[in-house]
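Here the structure is a predicted model, which is why all the values come from computation and not from measurement. Position 1 is the first residue of the sequence; numbering continues from there.
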Amino acid sequence: DKRRKWNADGQEKDPRWLARVRGLKPETAINSVIGASLYKACIGKALTWWSKKYATIGVDPALTGTDDMVLSAFESGKLIDELVIAKCEAPEACGQIAAFQKRLFPMGGCSVVVDCDGLGAPIAQFYRQMKPDNVHLEEFHGSSTDRELVSVEYANHRAEAAFYARERMIAGHICLDDNDQSFEEAINEQYFVNNRGKIQLEDKDEIRERLGRSPNRWDARKLGIWGFKTAQAIRKAEGWDEIESQGIMRPAASSYMAV
């Protein structure tokens, strides 16, 4: 029973256990990462912050036969295209990613971020062998707790990526479309502060249970936004801009623990 995991240590401190099982007020709140008003403010937003061209593609792989693979492409903060493919296994997925990248960013220079927890790992391995040299591939492991990679305030990479997207949206750096499914998925993703004081997202299975589907569209969009952490500016005549510092892509550190 998944609810037993919320109280595995018997301490009854997990806010999900207190609120949803015991019916008590938890010590820390369970909140949505992205509020409806914030998401709506990003729909069709005119972006002025970006001074150069940066390109990313977020890839959320399919659970074969049960949901869709989603590719979300961003250019300088704006969602410019999205591809949804059902029942897509690793070899076909790599071809779809390559064709998507070539169509949107034919000169290369983009960052492709693949969710590699589980079924995404072989996709990343296949794609690494066929991608152009000037396309950066990031293998994203949402479950990673490596403190050399994950900021100290977050339980894992998945939580940090969710709040990075939120920071970018609050800063006015992101333009989205009015896709109803992505909106519903975004506002249904909840977080809490765990008993170690780290920001943690609820299990994805809980979101699937509420929605009746996997939140793959918003997951792919978050990965696309995450790609801006390491993306480099694209020159008109070539893929990579070797002069640009990656630091320009990173907004000032901030924490949104208190909401």
At their closest point, which heavy atom of Ile123 faces which heavy atom of Ala93, and how far apart are they?
-> CD1-CB, 3.7 Å
CD1/Ile57 to CG/Leu223 distance, rounded to the nearest 0.5 angstrom?
-> 12.0 Å
Linking I/L/V/M/F/W/Y whenever any side-chain heavy atoms sit under 4.5 Å apart, do Val113 and Leu201 land together?
-> yes
Any donor-acceptor N/O pair, Asp146 side chain to Glu148 backbone, under 3.5 Å = yes
Nearest non-hydrogen partners of Asp60 and Asp219, listed with the distance | OD1-CB, 3.7 Å
Shared hydrophobic cluster for Met169 and Tyr191 (ILVMFWY, side-chain gaps under 4.5 Å) | yes
Quick one: OG1 on Thr145 to CZ on Arg147, what's the gap to the nearest 0.5 Å?
-> 6.5 Å
Rounded to the nearest 0.5 Å, the OG atom of Ser111 sits from the CD atom of Gln232 at a distance of 7.5 Å
If we only count heavy atoms from C-beta on, is the Pro215 to Gln181 side-chain gap below 4.5 Å?
-> no
So how far is it from Leu119 CG to Met69 CE, rounded to the nearest 0.5 Å?
-> 12.0 Å
Shortest non-hydrogen pair, Phe140 vs Ala161, comes out as CZ-CB, 3.6 Å
Any link between Tyr39 and Ile170 through a network of hydrophobic side chains (Ile, Leu, Val, Met, Phe, Trp, Tyr) touching at under 4.5 Å?
-> yes
Ring-ring centroid check Trp226 Phe74, cutoff 6.0 Å | no
Within the distance-only criterion (no hydrogens, no angle test), does the side chain of Asp177 pair as donor or acceptor with the backbone N or O of Gly44 below 3.5 angstrom?
-> no
Please assess Glu184 against Arg213 for the test salt bridge (Lys or Arg N to Asp or Glu O under 4.0 Å), listing each intermediate value before the final yes or no.
-> CA-CA 11 Å; Glu184 185 180 22; Arg213 64 174 188 278; 3.0 Å; yes
What class does the angle between the rings of Trp50 and His173 fall in, given that below 30° is parallel, 30 to 60° is tilted and above 60° is perpendicular?
-> perpendicular
Tested for side-chain contact (heavy atoms from CB on, under 4.5 Å) against Lys198, the lone hit among Val152, Val150, Asn156 is Val152
Exam field: side chain Lys131 to backbone Val135, donor-acceptor pair closer than 3.5 Å | yes
Going by atom type alone, with no hydrogens or angles, which donor-acceptor pairs under 3.5 Å involve a side-chain atom of residues 77-84 and a protein atom two or more places apart or on another chain?
residue: Asp81; atom: OD2; partner: Arg103; partner atom: NH1; Å: 2.9
residue: Asp81; atom: OD2; partner: Arg103; partner atom: NH2; Å: 2.9
residue: Glu82; atom: OE1; partner: Arg221; partner atom: NH2; Å: 2.9
residue: Glu82; atom: OE2; partner: Ser72; partner atom: OG; Å: 2.5
residue: Glu82; atom: OE2; partner: Arg221; partner atom: NE; Å: 2.8

With a 4.5 Å limit on heavy-atom distance, are the side chains of His136 and Cys110 in contact?
-> no
Could you please spell out the steps behind the salt bridge (Lys or Arg N to Asp or Glu O under 4.0 Å) verdict for Glu202 and Arg210?
-> CA-CA 12 Å; Glu202 64 179 341; Arg210 285 200 301 277; 2.4 Å; yes
Min side-chain heavy-atom separation Leu137-Val114 under 4.5 Å = yes
Looking at CZ of Arg166 and CD1 of Ile225, how far apart are the two atoms once the value is rounded to the nearest 0.5 Å?
-> 13.5 Å
Can you check side-chain contact (heavy atoms from CB on, under 4.5 Å) on Asn31 and Gln190, steps first, answer last?
-> CA-CA 5 Å; Asn31 297 296; Gln190 297 181 342; over 6 Å; no
Mark yes or no for whether Ser32, through its side chain, and Asn188, through its backbone, hold a donor-acceptor pair below 3.5 Å.
-> no
Heavy-atom donor-acceptor pair, Ser76 side chain to Lys52 backbone, under 3.5 Å = yes
Mark yes or no for whether Asp203, through its side chain, and Glu206, through its backbone, hold a donor-acceptor pair below 3.5 Å.
-> no
Ignoring hydrogens and angles, tell me if any N or O in the side chain of Thr56 forms a donor-acceptor pair with the backbone of Gly224 under 3.5 Å.
-> yes
Hey, does the side chain of Glu185 reach the backbone of Trp218 with a donor-acceptor pair shorter than 3.5 angstrom?
-> yes
Under the side-chain contact (heavy atoms from CB on, under 4.5 Å) criterion, do Asp115 and His141 qualify, and how do the steps go?
-> CA-CA 6 Å; Asp115 182 352; His141 294 274; over 6 Å; no
Hits for salt bridge (Lys or Arg N to Asp or Glu O under 4.0 Å) against Glu160, two or more places apart or cross-chain, chain-then-number order -> none
Are Leu47 and Ile43 connected in the hydrophobic side-chain network, where two residues link if heavy atoms are under 4.5 Å apart?
-> yes
Spell out, as yes or no, whether a donor-acceptor pair under 3.5 Å connects the side chain of Asp117 to the backbone of Ser143.
-> yes
Taking all heavy atoms of Ala162 and all of Lys222, pick out the closest pair and write down the distance.
-> CA-CD, 4.0 Å
Is there a side-chain contact between Phe192 and Gln200 (heavy atoms, below 4.5 Å)?
-> yes
Which atom pair, heavy atoms only, marks the closest approach of Glu138 to Thr230?
-> OE1-OG1, 3.9 Å
Kindly state whether the ring of Tyr164 and the ring of Phe228 have centres lying under 6.0 angstrom apart.
-> no
Are Ile187 and Leu176 connected in a single hydrophobic cluster, I mean Ile/Leu/Val/Met/Phe/Trp/Tyr linked by side-chain heavy atoms less than 4.5 Å apart?
-> yes
Report yes or no: does Arg217 contribute a side-chain atom to a donor-acceptor pair with the main-chain N or O of Leu71 at less than 3.5 Å?
-> no
